[in-house]
Number of protein chains: 2
Amino acid sequence: MPDQGHATGAEAKPGERAGAGLLFLREEEIRLAQDLLFFAYRDFTGAADPILEELGLGRAHHRALHFIGRNPAISVSELLGILRITKQSLARVLGALVERGMVAPVAGRTDRRQRLLSLTEAGAALEARLFARQRERLAAAYREAGGTAVEGFRRVMRAIMDEAARAYLDGQTRAAGRRWRGGGPEDR
Amino acid sequence: MPDQGHATGAEAKPGERAGAGLLFLREEEIRLAQDLLFFAYRDFTGAADPILEELGLGRAHHRALHFIGRNPAISVSELLGILRITKQSLARVLGALVERGMVAPVAGRTDRRQRLLSLTEAGAALEARLFARQRERLAAAYREAGGTAVEGFRRVMRAIMDEAARAYLDGQTRAAGRRWRGGGPEDR
DNA sequence: GCGCTTACGGCAGCTTCGTTGACATATCGG
DNA sequence: CCGATATGTCAACGAAGCTGCCGTAAGCGC
């Protein structure tokens, strides 16, 4: 009953032994990647859970915190676009963060309909704690795997995601470059 | 408010310009990885959603299907260990899959308390459809990134996860080897 | 300046999928 | 035979998604 039979690999010549082997490895390769994504994501996100639980927050809050921290003065709709959740789902999460003084909304200067979100000091402090946990894990993984592997990791991960996500990352990278070269927080 | 300030990077010499730059890039490197994991996982798992929705199933069902398909005759407790969810959460999902004739439980031979789970033909067919979607995305990513990158990807992903998950993957790989070399389904 | 559109908030209600705790049953193993 | 184990089940709850609808303030085009 194992999947050997229905070789999902396009053209399968059942007779040829080497060919069958290659096809099998190709399928196995992809299935392995499914496993990798599942476990790595599970354990990476789980690394921050103890801190969150201690504060009565969830992963949704962490994600919001992360992307607000990474994009100071982000608008609500931009954040919605990144998280790909609905307004109501975000409202709950954001409400909790604002109430606890982790996130501070400020009316936009050029467009006063916008509520531009940034982390407060308390929010940044919490985010830093959460970050530290994930950082440990990731830094250890990077050390263990080596620089070349990291570069490959980035290339594959980037290639897996949507075009929109890649565009976002490009923007991130450019913004980081500007920050690095000594710019202040660019306001909108 | 950008994170430049609280350089989390171990030893920081605030004066030295190049050092600060390197430290910054190091932090940025980790934060980028957070983004990568979020987006890649989001879009990879999302790829199968349309099919699931069409059948009134969710991602939880997909995960169960995947790991049962990959481990024919898996016991309930083993599956629980992989998914890291509670018995009741799994019971619901599993109940739906058994009811729809996707999963067939068989009492264990050596230990008759166990209900060993396998996919039925219908279950395997559905899993194959779901797999095909994710496969497209992943195969494209692999082509785009290249073989060296894929190797690095695997190394990093593996290093991110728990020891237990790595051990599981090692078992998988050995089992795949046995299947590849022509073994039948190993029964327990 | 009128009117359409946009950005955002809020209410009501639903679904999926995770949780805990308690308890029942069959089976294994010593 | 008895304790540990594998599993199922009921009840209740909670987190975090979702839809649909309506309201308000502000921007913007004509």
Side-chain angles (χ1 to χ4, degrees), chain A residues 38 41-42 45-46 48-50 52-68 73-100 103-117 188, chain B residues 38 41-42 45-46 48-68 73-100 103-118 188:
Chain A
F38 175 74
Y41 189 79
R42 183 195 69 177
T45 57
D49 281 357
L52 290 169
E53 196 184 6
E54 158 191 323
L55 293 171
L57 298 175
R59 293 187 180 176
H61 302 93
H62 187 184
R63 286 192 290 273
L65 231 31
H66 169 78
F67 285 109
I68 295 172
I74 189 176
S75 74
V76 171
S77 51
E78 266 181 291
L79 187 53
L80 283 174
I82 291 173
L83 296 173
R84 298 247 182 110
I85 59 178
T86 55
K87 225 182 359 169
Q88 335 309 325
S89 295
L90 181 58
R92 238 181 334 214
V93 168
L94 216 47
L97 292 175
V98 171
E99 193 187 358
R100 285 163 203 244
V103 169
V106 175
R109 279 212 313 256
T110 67
D111 184 340
R112 293 209 330 237
R113 291 172 305 179
Q114 295 183 323
R115 286 178 68 217
L116 304 180
L117 309 166
R188 353 195 150 196
Chain B
F38 173 74
Y41 190 78
R42 183 195 69 179
T45 56
D49 281 356
I51 299 176
L52 291 168
E53 196 185 5
E54 159 191 324
L55 294 170
L57 298 174
R59 290 187 182 176
H61 301 93
H62 186 185
R63 286 192 290 273
L65 231 32
H66 169 77
F67 285 110
I68 295 172
I74 190 177
S75 74
V76 171
S77 50
E78 266 181 292
L79 187 53
L80 282 174
I82 291 173
L83 295 174
R84 300 248 181 108
I85 59 177
T86 55
K87 225 183 356 171
Q88 338 308 327
S89 294
L90 181 58
R92 234 178 341 211
V93 168
L94 217 47
L97 290 175
V98 171
E99 192 187 357
R100 284 162 204 243
V103 168
V106 175
R109 280 212 313 258
T110 66
D111 184 340
R112 293 210 327 240
R113 291 171 304 179
Q114 294 184 321
R115 286 177 68 217
L116 304 181
L117 308 167
S118 302
R188 348 194 155 198

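Lettering follows sequence order; numbering is per chain, from 1.
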Under 4.0 Å, counting only non-hydrogen atoms across every strand here, what does [X] touch: a base, just sugar-phosphate, or nothing?
| X | result |
| --- | --- |
| A:Ser77 | sugar-phosphate |
| A:Arg59 | sugar-phosphate |
| B:Ala60 | sugar-phosphate |

Counting just side-chain N and O atoms, does [X] come under 4.0 Å of either OP1 or OP2 of [N]?
| X | N | result |
| --- | --- | --- |
| A:Ser75 | C:dA7 | no |
| B:Arg63 | C:dG18 | yes |
| B:His61 | C:dT16 | no |
| B:Thr86 | C:dT19 | yes |

Original post:
Is a donor-acceptor contact shorter than 3.5 angstrom present between the side chain of B:Arg113 and the base of D:dT7?
Top reply: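 A donor-acceptor contact between them is absent.
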Subject >> Under 3.5 Å donor-acceptor pair, A:Gln114 side-chain atoms to C:dC8 base atoms >> reply: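 Per atom types, no contact qualifies.
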Is there a side-chain contact between [X] and [Y] (heavy atoms, below 4.5 Å)?
| X | Y | result |
| --- | --- | --- |
| B:Val93 | B:Leu57 | no |
| B:Gln114 | B:Val76 | no |
| B:Ile68 | B:Leu79 | yes |

Nearest-Å distance for atom pair [atom1]/[atom2], residues [X] and [N]:
| X | N | atom1 | atom2 | answer |
| --- | --- | --- | --- | --- |
| B:Arg84 | C:dT20 | CZ | P | 14 Å |
| B:Leu52 | D:dC18 | CG | P | 16 Å |
| B:Leu80 | C:dC17 | CG | C1' | 14 Å |
| B:Arg112 | D:dT5 | CZ | P | 20 Å |
| B:Leu57 | D:dG17 | CG | P | 21 Å |
| B:Ile85 | C:dT20 | CD1 | P | 12 Å |
| B:Asp49 | C:dT15 | CG | P | 19 Å |
| B:Glu53 | D:dC18 | CD | P | 11 Å |

**OP:** On DNA chain D, check which nucleotide each of B:Gln88 and B:Arg92 is closest to and give me the residue with the more 5' one.
**Re:**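 Residue closer to the 5' terminus by nearest nucleotide: B:Gln88.
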Original post:
Quick one: on DNA chain D, does A:Val93 or A:Asp111 contact a more 5' nucleotide (nearest heavy atom)?
Top reply: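 Nearer the 5' end of the strand: A:Val93.
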Original post:
In terms of heavy-atom contacts, does CD of A:Glu54 have more than 12 from other residues, nucleotides or ligands at under 6.0 Å?
Top reply: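 Counting other residues, nucleotides and ligands, CD of A:Glu54 exceeds 12 neighbours.
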Original post:
Under 6.0 Å between ring centres, would you say that holds for B:Phe67 and A:Phe38?
Top reply: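 So the answer is yes for these two rings.
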